[in-house]
Amino acid sequence: MDDDFKQYRLPDDDNGSWILSTISRIGLDEFTEQESKVTAALDKLKPGKFYDLHDLPVEKREMFIRLSCLYIRSHPEVAFSNDYSRIEKMKTV
């Protein structure tokens with residue numbers, strides 16, 4: 001089992017191309033629904049707690065991780081582990 005999920009991360013230089021290609025593939029409604037689910041899950045994550053991405057079905061990991069990368073751009077208190085297998089909300093000091 002591959003424990004490293006870095007291959008799913010959104011490249012820093014993506015500039016929206018993944019979003020556009022995903023919307024054209026699955027449709028705007030489905031993309032928006034998936035993005036809302038990820039946002040809701042990360043919004044309710046308590047400081048100091050994390051999600052273990054091994055718990056996600058394999059077919060949902062890439063979408064969750066890439067949408068989480070978008071979320072992190074405006075929520076710096078949320079971060080991935082180095083191997084992208086966990087996503088955590090940092091405790092504020």
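Counting from 1, the numbers follow the sequence of the chain as shown.
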Keeping the roles fixed (side chain from Lys89, backbone from Lys49), state whether a donor-acceptor pair exists under 3.5 Å.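 No; judged by distance alone, with no hydrogens or angles, the pair does not exist.
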
Has the side chain of Arg61 got a donor or acceptor atom that lies under 3.5 Å from a matching backbone atom of Leu53?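 Such a contact is found between Arg61 side chain and Leu53 backbone.
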
Minimum heavy-atom distance Ser24-Ser21, with the two atoms named: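 For Ser24 versus Ser21, the nearest heavy atoms are OG-O, 3.0 Å.
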
For Glu62 versus Tyr8, what's the shortest heavy-atom pair and its separation?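 Taking Glu62 first and Tyr8 second, the nearest heavy atoms are CB-CD2, 3.5 Å.
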
Sequence-distant partners of [X], side-chain hydrogen bond (donor to acceptor under 3.5 Å, both in side chains), two or more places apart:
X	value
Glu35	none
Ser17	Asp14
Ser36	none

Assess whether atom CG of Asp29 is packed by more than 12 heavy atoms of other residues, nucleotides or ligands within 6.0 Å.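 No - once you tally the heavy atoms of other residues, nucleotides and ligands closer than 6.0 Å, there are 12 at most.
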
Please round to the nearest 0.5 Å and tell me the distance separating atom CG of Asp52 and atom CG of Asp55.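 Nearest 0.5 Å value for the CG-CG distance: 4.5 Å.
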
What distance do Leu20 atom CG and Phe31 atom CZ have between them, rounded to the nearest 0.5 Å?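 Separation between the atoms: 9.0 Å.
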
Taking the side chain as C-beta and beyond, is there a heavy-atom pair between [X] and [Y] under 4.5 Å?
X	Y	result
Ser85	His54	yes
Trp18	Leu70	yes
Thr22	Met63	yes
Ile72	Ile87	yes

Cluster question for you: counting only ILVMFWY and a side-chain heavy-atom cut-off of under 4.5 Å, with indirect links fine, are [X] and [Y] together?
X	Y	result
Ile19	Leu28	yes
Leu67	Ile23	yes
Ile26	Ile65	yes

Ring pair (Phe, Tyr, Trp, His ring centres under 6.0 Å) partners for Tyr51, two or more places apart: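 With neighbours one apart ignored, the set is empty.
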
Residues which pass ring pair (Phe, Tyr, Trp, His ring centres under 6.0 Å) with Phe80, listed by chain and number, not counting sequence neighbours: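 Residues passing ring pair (Phe, Tyr, Trp, His ring centres under 6.0 Å) with Phe80: Tyr84.
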
Using the six-membered ring of Phe50, assess whether NZ or CZ of Arg86 lies under 6.0 Å from its centre and within 45 degrees of the ring axis.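 Yes, Arg86 lies over the aromatic ring of Phe50.
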
Below 30° counts as parallel, above 60° as perpendicular, anything between as tilted: where do the rings of His75 and Tyr71 land?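 Geometry flag for Tyr71 against His75: parallel rings.
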
Kindly indicate, with the supporting measurements, whether the criterion side-chain contact (heavy atoms from CB on, under 4.5 Å) is fulfilled by Arg73 and Leu10. CA-CA 11 Å; Arg73 289 179 179 177; Leu10 193 61; 3.8 Å; yes

Does the side-chain contact (heavy atoms from CB on, under 4.5 Å) test come out yes or no for Ser68 and Val78, once each step is laid out? CA-CA 9 Å; Ser68 295; Val78 178; over 6 Å; no

Those residues that, when tested against Lys37, pass salt bridge (charged side-chain N to carboxylate O under 4.0 Å, His left out) (two or more places apart):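 Salt bridge (charged side-chain N to carboxylate O under 4.0 Å, His left out) check on Lys37 returns Glu33.
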
